[in-house]
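If you're wondering where the values come from, they're calculated on a predicted model, not measured in any experiment.
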Amino acid sequence: MSAQARGPVRPYGDTTGDGMVQLSFTLPLPHDKVAEGAALQLANKMGMDPALVVHARPIGDGFTFFVVYGRVNHLVDPSTVQVVERDYPLLSPKEVNAAVKTGMHRRLVVVGGCVGTDAHTVGIDAILNIKGFAGEKGLEYYRELKVVNLGAQVAVPELVNRAVAEKADAVLVSQVVTQRDAHLLNTREMSAAFREAFDDASRPLLVVGGPRFDEAMAPDLGVDRIFTRGTTPGEVASYLVHRLVPDPERKAS
Amino acid sequence: MSAQARGPVRPYGDTTGDGMVQLSFTLPLPHDKVAEGAALQLANKMGMDPALVVHARPIGDGFTFFVVYGRVNHLVDPSTVQVVERDYPLLSPKEVNAAVKTGMHRRLVVVGGCVGTDAHTVGIDAILNIKGFAGEKGLEYYRELKVVNLGAQVAVPELVNRAVAEKADAVLVSQVVTQRDAHLLNTREMSAAFREAFDDASRPLLVVGGPRFDEAMAPDLGVDRIFTRGTTPGEVASYLVHRLVPDPERKAS
Amino acid sequence: MSRPQLELDRDTVKQARSLARKVGRPIVRLAKQHTTVSVERATLRMAGLAGADPEGTPWVNRLVDVVRADTGLEQGVALPVWDALVRGEAEDLITLAQKASAGSVTMRTPTGRDAQRARSLAKRQVGAGIRTIDRRRREREQMVRRIGDAPRQPWIYLIVATGDIYEDIPQAQAAARAGADVIAVIRSTGQSLLDYVPEGATREGFAGTYATQENFRLMRAALDETSKELGRYVRLTNYASGLCMPEIATLAGLERLDMMLNDSMYGILFRDINPIRTFVDQRFSRQVHARAGIIINTGEDNYLTTADAVDAAHTVTTSQLLNEYFAKEAGLEDWQLGLGHAFEIDPDLPESFRLELAHAMLARALFPKAPLKWMPPTRHMTGDVFRGYLLDGFFNLAGALTGQGILLVGMMTEAVVTPWLSDRDLALQNVRYVMNAAGNLHEDFRPAPDGFIATRAARVLGESVELMERILDHEKGMLDAIADGTFGLMKRPADGGRGLDGVMRKAPDYYNPASEILEAAK
Amino acid sequence: MSRPQLELDRDTVKQARSLARKVGRPIVRLAKQHTTVSVERATLRMAGLAGADPEGTPWVNRLVDVVRADTGLEQGVALPVWDALVRGEAEDLITLAQKASAGSVTMRTPTGRDAQRARSLAKRQVGAGIRTIDRRRREREQMVRRIGDAPRQPWIYLIVATGDIYEDIPQAQAAARAGADVIAVIRSTGQSLLDYVPEGATREGFAGTYATQENFRLMRAALDETSKELGRYVRLTNYASGLCMPEIATLAGLERLDMMLNDSMYGILFRDINPIRTFVDQRFSRQVHARAGIIINTGEDNYLTTADAVDAAHTVTTSQLLNEYFAKEAGLEDWQLGLGHAFEIDPDLPESFRLELAHAMLARALFPKAPLKWMPPTRHMTGDVFRGYLLDGFFNLAGALTGQGILLVGMMTEAVVTPWLSDRDLALQNVRYVMNAAGNLHEDFRPAPDGFIATRAARVLGESVELMERILDHEKGMLDAIADGTFGLMKRPADGGRGLDGVMRKAPDYYNPASEILEAAK
Ligand code: B12
Ligand code: B12
Ligand SMILES: Cc1ncc(COP(=O)(O)O)c(C=O)c1O
Ligand SMILES: Cc1ncc(COP(=O)(O)O)c(C=O)c1O
C-alpha cells in the first residue's frame, strides 16, 4: 500500500495492484448453476478474472441476486481524466457584490426553479435561499443579486416568460429526479426553449444542477454550466460573476 | 418484469433489460475530481455506461472508496454457460451401502484431510464426520465406507503415505484459505504427488472441495472432481459410488 | 410482557388536544363553506361516470366544465346535471357528457319541483355508487376474515415505483411473497398537479406510476390472487393527494384500496396547492375514506426532509394533532389514523438513535389507538449503500422497540434510484432479521421516567403546545401560520398556490348528494 | 448512569470458581513438572541469543538441539550452555551456538562448583533480558501517560492480514487514524505449527504475516509514530500461540507488544498440538506476559466456530473460568485478562440478539474487573455483505449495551476475503455510528431479574457448573475431558498431537533462571 503518483493505477483491495472490486446485480433467471454461470459470465465480460460468485439468492421464482468479488484487469489512467475544474476565482459575498456594482452598475438578475414535474426544491433552495448550504448563505443574501425563485414544477414556457419579464441575466434550474433520464429530457427541453426565444447575444446564462448530473455534459445539454453534488452558493455566485460581469482585467468570456 | 426464457439476458434493476448493477472499489488516489473521473473511467472500462459515482469517501490520504451505479451493456447468454451438472444419480445411504457391498465385496476406503497449512476442518468434517451437514449424516455413518480423517494441516507426503497404507480408493482434500491462491497451489502440489506415487490405474480418486473453488478447474488442477459451497455428504458418497463401484447396468467410467 | 409506555403529563396532553381543536375548527368551517371542481367531479364518479374523450380528458372534467360555463358551480354539478337527465337530454351520464361537450346540451339550474326531481334522481344514482363502496368495504372485511390478516405488527409496507403498471404488478407480488403486508404504488412525479385523473392502464410514469382507476383495479386483482396464495390479505396503498384528492379517494373506495396517503397540509406545503382548495378536497376525501374503511397515512415525515428533525420535531407532533382533529371531524376512527413520523435525525448527531426513540415513543403515547406510520431515513441516506443498510436496520429496531403499527421499509439505495427488485428483497431481509432477533427487546427496554428519552419527549410536546398557541395568536390562525412558513419552512399564502380557480363558495341552494349521504352517516 | 448488571446467584458463582480451581490445579502441577524445547529456547532468547543460520534456522534452535543431543534437556539448557561459556568455549552465546552447531563444542551437564558458576552467569544474562522487558513495560506506561490512552471503552480492535509487513504497516496506520485503538497483525496460516520462530522482516505470509521479532519491531515503531501523531497510544497485538508460544511471548515482551492472543486450549483443540506441550508452554508464556504488563486475549470465540453458540455457550463460560484460573496462577492480574467470547448465534434463530445479550452479560457479571474481548460474527457471515454489515452493527450494539472492554471490529467480507482497506474503513464507520448514536442506550436497557435474558444467563452458568463437575468425574479430569471432545467438539488425547517430542520431564537438577526469576516475582 502507498498512494501512487498519477500514473495508471488499479483498484486496491489489500495489496497494491491487486485490482479487487465488489459487484452486485440481479439476473432475470431462476437460481441454479446455470444462473451462477451466467453471473460469472457477466463478471468476466466486465473484465473480472478471476471472479467469484460469493452470494446468490433467489428473488421470487424468476430472479436471482448475486454478489461477486474478483480482480479487474483494467488499468485506469488518471492523467487521461477530463474533469471540469473550477476555472474561475472563488469570491466572497463582499467581492461578488463589489464586482457586480462596479462592473454592471445594476443588480444582476437570477431566475431559478425546478422545471418539469420535479418538485425537489431543497437543492435549488440551498443555492438561492438566504438559509443557504454548508454554512454559506444563499444568493438571496447577496445585496447586488436579484433572485426570483419560482419553486417547484415550473413549466418551461412559464420559466422563459419570467426570464423575459425579469430581464434575467442567468437562469438556474434544478433537476433531481433522474428516473428514465427525466433530468436530461427536461434540461434539453429547457435549453431549446431559451435558444428559440433568445438570440445568442441576449440569451441569459443557462445553469442547471442536481445530484446525478455529469458536469461534462453541459455542451451536449445546451447549457452553459452544470453543478452537481455538494455545490455551494458561493461557487455559483463566483461563477456568475466570472461569466456575466465585464472586468477591466479580464475580457468577459 | 417476468423471468426470461434461457435467451440472452441483461441485469435487472427495476425494469426488464435496464442492465443496472452496483459496483464498489477503492482506488489508490487521494479524493478529488480526478479520482472521481478515474472511478468513472474504470466503470466505463467495465462496460458501465452511463455510470454514476454515487459515493466517494477518502481513506487515509492516499486512497478513495467509491460506490458506482449504472447500466452495463453486456448481454449474458445462459445457453453458452458451461456448468458441472451432477452427472450421477443421488443415492441414499442404504443404496450406497448396497452398491458398495454388491459391487466391491469390501468396504470402500476414503482418506481425507486439509493439506498444507490450512486448518479449516469444519468443511471436511461436515462431509466425513457422522454429524454431517444440512441434515445429512457424514460418510463415517455409511457402514460400507471406511473413513480415515487426518484432520488439519496434513503435509502432502504424509497424505500420500497414509493413502498407500490404507489402500485408499479415494482421497478427499479440503482447502478453505484462498489468499494468494493458496488453495490452488496446495491442490496442484497434492495431485502432482499422487500422480508421481501411483500409476493411473492404481491412483486413488482425487477429490477436493472448498467454498471458493471453481468446479470447472478439476482437469487443470489434476483432480477428478471439485465440490464447492453447500456440498452435502450424500452428493459425495453418490459420486464415489458412481466413479468407483463397478455396476452391471453401467460400465464403470 | 407489554411495551414500555411514556408517562405524559395528562394536562399537557388535554391542553394539546383542545388547542388542536381551536386551531382546526375555523378550517373546517371554511371547508364546509366551499366546494371544488374535484369534489364535483368525484360526485359524478360516484354516480358511475367514467372514461375519457379521445384526447384523454375524462368525461367528468368535460361535463363539469360545461356546467361551470353554463351555470357556474356554486350550486354544485348535481342539480344541473340530473336536471338535464330528467329533462331527457340524454339517457345516461356518459351520453350527457358527450352531448354536452359537443355543445348540443345547455345546462340550467333547476328550481322548485324540477330541482326536487333532479335531487332525488341524483341521490339515487350517487347513492348506488356509495353502496358499491360499502360493498367493497364488506368484501375487504370478509377476505381478511377468510384469508387471514397480516401476522403481526408492525405491518411491513413496501413501495413499488417502476412507472409501468405491468412491471409494478409482478414486483408487488414478489414483494408480498417476500413478506410485505402492504404495497404502495408510488405516483408519477407530475400527477399531483394534474387537474384530472388519467384513464386506463399506464406504462410511462416518471419515478412512479399514474394513479388511475384501471391501474388500481389491476393491482388490487393481482394482490387478491397473491393474498389467497399466501393466506394473508395483502393491503394496497396509493395517494389521495394533489389536485384530484376527492376523485382519487372515490376511486380508491370503488376499487377496494386499503390505505391512502392523505395529509391535511402536504399538498399545500410540498406541491404549492392552494390551502383552501386543499382543505375542502381534504374533508370530502376523508369522508369517503371513513365510509370506505380505508386507513389514511398522513405525511408528517415530509416536513423532516426540508426542516431539521430535531428542531422541527414539535411541528410533526402539531401536524399529527391537527390531522387527528380533521380526520375525526370527517368521521374517521382511531384505527384508521396512520399518523406519520420518521427516522430523519442526522445520524452523526450524538444520541441520534435515542432521540429517535424519544420522538417515536411520544407519538405512540399521544395516539395509543392509532396505527402509527413509521417512515425510514431518507435525507441523510447517501450513496454509501452499506451505511444506508445499517441505518435502516436501526430504523427497524426503533420501530420494534416503540411499537409502530405500519413500518415503511427503508431502501439502501434511497439516495440513488427508485427501489430495485433486489433493494426490496434486501430491505425485507433486514426487517426480518431485526424483528426475529430483537423484536422482543422492548421487554428489556425501560427508559427512566426522568431519563434522557422521557425528558426529550416531554420537551417536544411542550414545544408543540407553544406552537399551537402561537398559531392562535395569528389573526387568521392556521392560514396565516401556513403563510409564514411555520410548517416545513414553506411559506404558502391562502390566496396563492395552484387550483385556487377550482374553488367555489357554495351558494345557499348548493346541493351535493354525496356530501348529504356522507354527512348523514356520521 | 451505570450499566445494567445481572444479579448472578452468589453461591453458584463461588461454586463455579472453586470447581475451576479443582479442574485446573492438576494441570498446573503437570506444567511445573515439565519443560519444553520452546521454553528452553525462550530462556536463551531472554539472554539475548537471536538471529539464524544461513538456512534460516534460529540459533536458539541449533543450540538447544545440540544440548539435547549431548546431554538431553531434562536439566534445562541453562546449565550446559553457560557451563560451556564459563569453560571459555566461546565468548558469547551466538559464537557458542555457531561453534556448537558446527560440532566444535560438546556440551556437558556441570555439577558442583561448575554448576554453581554456570547458574550464576546464566542468571545474570537472563536477568538482563528480563530487565529489558521491565523497561519496555515502563516505557508503555509512560507513553500512555504522556501521549494519552484510548478515549473510551470498548477499545476498537482491528486486524491487518496482508501477509506482507510492508503492506501491513501503512494499513495499520490508516486503521489507527480511522479510529482503531488496537491493531492485531494476524499470523500466516502455517506459523503455529512451526517449531521455530522465523527471522527478519517478511513479505510472503498466507492470510497473515509471520510473527518475527523484526516484524514486531517494525510495526511497533510505526504505531509509536502514529500514536504521537494521534495523541493516543495505539496498542499492538499478536499471537502467543502454537508451538513457539514461550518464545513469541518473550519477543512480545522485548518489543513492547501490548496484547497477545494466548489461550489455554486453543492450540490443543484447533492446531492439534499436544496438550501437555501446550500447558507447559502456556504457563511459561503467561508468566512472561504478567511480567511484561501484556493483556492476554483468550480464544473462547473459536469454540463457537465449530460448536453451536447456544448449545455450547456453557463451554465458553467454563473455558473463561479455567483461563482465569491459569492466568492468575501464572501471575496475571484482572486487568490483563481479555477473556474471549463471541456473537456467533445463528441470526435466523428467534431471539438470537437477546440470547447474545444474555451471554455477553453473563461474562460481564462473572468477570467484572476483566476487559472482556468481544468477537464479531464469523461463521454465520455469508457472501451477502449487506446482511453482514447489518449483523456487525448489531454486534456493535450488543457490545455497547453490555459494556465490553475490547471490541474486535467485524468485517462485512468475513466470508469472502481477509479484510480489505475499505472493509476496515466501513467497519469503523459502523462502530462509530452505533457508539455515537446508541452508545448510551444501556441507560434504558433494564433486563428484568426474572426475564428472558437473566433466565438464560443463569441457565448457562448452571450448565457450566455441571460440565466442570462432569470433568472432575473423569479419571484424569481435564486431560480426559479434552480427549473425549468436551471442548469445541474436538477429541485430543494427552499422548497425541504435535510437539509431544519437545516435552521433557524435568530432572531433579533442572535449572531455568527465567522461571526462577519469574516465579520469585509472584
Ligand atoms: C427530500 C426528498 C423529497 C421531498 C422533497 C421536498 C422538497 N421540497 O424538495 C419530498 C418528500 C416531497 C419528495 C417527494 C418525492 N420524491 Co424525493 N427525495 C428526497 C430526498 C430524500 C432528498 C433530496 C434532497 O433534498 N437532497 C438535499 C439537497 C441539498 O441535495 P441536492 O438536491 O443534490 O442539491 C445539491 C446539489 O445537487 C446542487 N444542486 C441541486 N440543484 C441545483 C440547481 C442549481 C442551479 C445549482 C447551481 C445547484 C444545484 O446543489 C445542492 C446543494 O449542494 C431524496 C433521496 C436522497 N437522500 O437524496 C429523495 C429522491 C430524490 N426522491 C425521489 C422520488 C422518486 C420522489 C417522488 C417522485 C416519489 C413519489 N413518486 O412520490 C416524490 C415526488 C416529488 C416530485 N414530484 O418530484 C427519488 C428520485 C429517484 C430518481 N433518481 O429518479 C429519490 C432519489 C429517492 C428515491 N431513491 O426514490 N422527495
Ligand atoms: C470457522 C473458521 C475458522 C476456525 C476454523 C475451525 C476449524 N476447525 O475448522 C478458526 C477460528 C480456527 C479459524 C482460523 C483461521 N482462519 Co478462519 N474462518 C472460519 C470461518 C468463520 C468459517 C469457515 C467454516 O467453518 N465454514 C463452514 C463450512 C461447513 O463450510 P465450507 O468450509 O465451505 O465447507 C463446505 C463446502 O465448501 C464443501 N467442502 C469444503 N471442504 C471440502 C472438502 C471436500 C473433499 C468436499 C467434497 C467438500 C468440501 O462442503 C462443506 C459443506 O458444504 C471463515 C469465514 C466464513 N464465514 O466463511 C473463516 C475464514 C475461512 N478464515 C480465514 C482465515 C484467514 C483464518 C486464519 C488463517 C486467520 C489467522 N491468520 O489467524 C486462521 C488460521 C487457520 C488456518 N491455519 O488455516 C479466512 C480465509 C480468507 C481466505 N479466503 O483466504 C476466512 C474466510 C475469514 C476471513 N475473511 O478472513 N477460522
Ligand atoms: C401525503 C402525501 N401525499 C402525496 C405524496 C406523494 O407526492 P405526490 O403528491 O407528488 O404524488 C406524499 C409523498 O410521500 C405524501 O406523503
Ligand atoms: C488464541 C488464539 N491463538 C491463535 C490464533 C490464530 O491461529 P494460529 O495459531 O494459526 O495463528 C487464534 C485465532 O483466532 C486464537 O484465538
Side-chain angles (χ1 to χ4, degrees), chain A residues 22-31 39 55-67 113-126 129-133 138 149-155 158 175-186 210-212 228-230, chain C residues 161-164 170-178 186-194 204-208 226 242 267 269-273 302 305-308 379 382-383 385-386 412-413 415-426 428-429 485 488-492 496-498:
Chain A
Q22 171 272 333
L23 175 70
S24 78
F25 54 84
T26 299
L27 289 180
L29 299 169
H31 179 220
H55 176 65
R57 180 180 150 82
I59 303 180
D61 30 48
F63 296 81
T64 310
F65 174 67
F66 295 97
V67 177
C114 303
V115 298
T117 58
D118 199 325
H120 291 91
T121 56
V122 178
I124 185 81
D125 289 346
N129 292 3
I130 292 200
K131 186 157 166 259
F133 183 74
N149 184 348
L150 302 179
Q153 302 190 317
V154 183
E158 185 191 338
Q175 287 286 288
V176 172
V177 174
T178 62
Q179 207 204 29
R180 304 192 176 191
D181 292 338
H183 59 314
L184 305 181
L185 300 175
N186 291 333
R212 303 283 168 245
T228 173
R229 270 188 296 139
Chain C
T162 69
D164 177 342
Q171 290 203 7
Q173 291 177 311
R177 292 197 190 93
I186 287 198
R187 300 195 294 177
S188 175
T189 50
Q191 182 160 16
S192 49
L193 299 189
L194 300 180
E204 63 299 308
F206 282 111
T226 312
L269 300 175
F270 295 90
R271 294 293 171 270
D272 194 12
I273 294 173
N302 298 291
T305 64
T306 50
D308 178 78
R379 76 185 282 195
T382 67
V385 288
F386 300 102
M412 68 183 194
T413 50
V416 185
V417 290
T418 45
W420 288 357
L421 181 67
S422 53
D423 296 330
R424 234 178 270 116
D425 191 68
L426 281 164
L428 283 170
Q429 174 178 288
L489 302 181
M490 311 265 188
K491 295 190 169 65
R492 303 302 189 194
R498 299 178 165 89

From the list C:R177, C:R379, C:R271, the residue making the most non-hydrogen contacts under 4.5 Å with chain A is C:R271
Under 4.5 Å from a heavy atom of chain A, the part of C:A207 involved: both
Check whether any side-chain heavy atom of A:T117 sits under 4.5 Å from a side-chain heavy atom of C:S188, and report yes or no. no
Proximity breakdown for A:A182 and chain C, heavy-atom pairs closer than 4.5 Å: both
Between OG1 on residue C:T306 and NE2 on residue A:H120, distance to nearest 0.5 Å: 11.5 Å
Identify which part of A:R57 has an atom lying under 4.5 Å from any heavy atom of chain C, answering side chain, backbone, both or neither. side chain
Is any side-chain heavy atom of A:F63 closer than 4.5 Å to a side-chain heavy atom of C:Q171? no
Between A:T26, A:D125, A:V122, A:I59, which residue shows the highest count of heavy-atom pairs closer than 4.5 Å to chain C? A:I59
Can you confirm whether A:L185 sits close enough to C:F206 that some side-chain heavy atom of one is under 4.5 Å from a side-chain heavy atom of the other? yes
Interface moiety of C:D423 toward chain A, non-hydrogen atoms closer than 4.5 Å: neither
Evaluate the criterion side-chain contact (heavy atoms from CB on, under 4.5 Å) for residue pair A:F65 and C:L421; output intermediate values, then yes/no. CA-CA 9 Å; A:F65 174 67; C:L421 181 67; over 6 Å; no
Whatever's closer than 4.5 Å to a heavy atom in chain A on C:E204 counts as both
Side-chain contact test, heavy atoms from C-beta onward, threshold under 4.5 Å: evaluate it for C:T418 versus A:R180 and give yes or no. no
Distance-only, no hydrogens or angles: does the A:Q179 side chain make a donor-acceptor pair with backbone N or O of C:A161 under 3.5 Å? yes
Applying a strict 4.5 Å limit to non-hydrogen atoms, the region of C:R424 in contact with chain A is neither
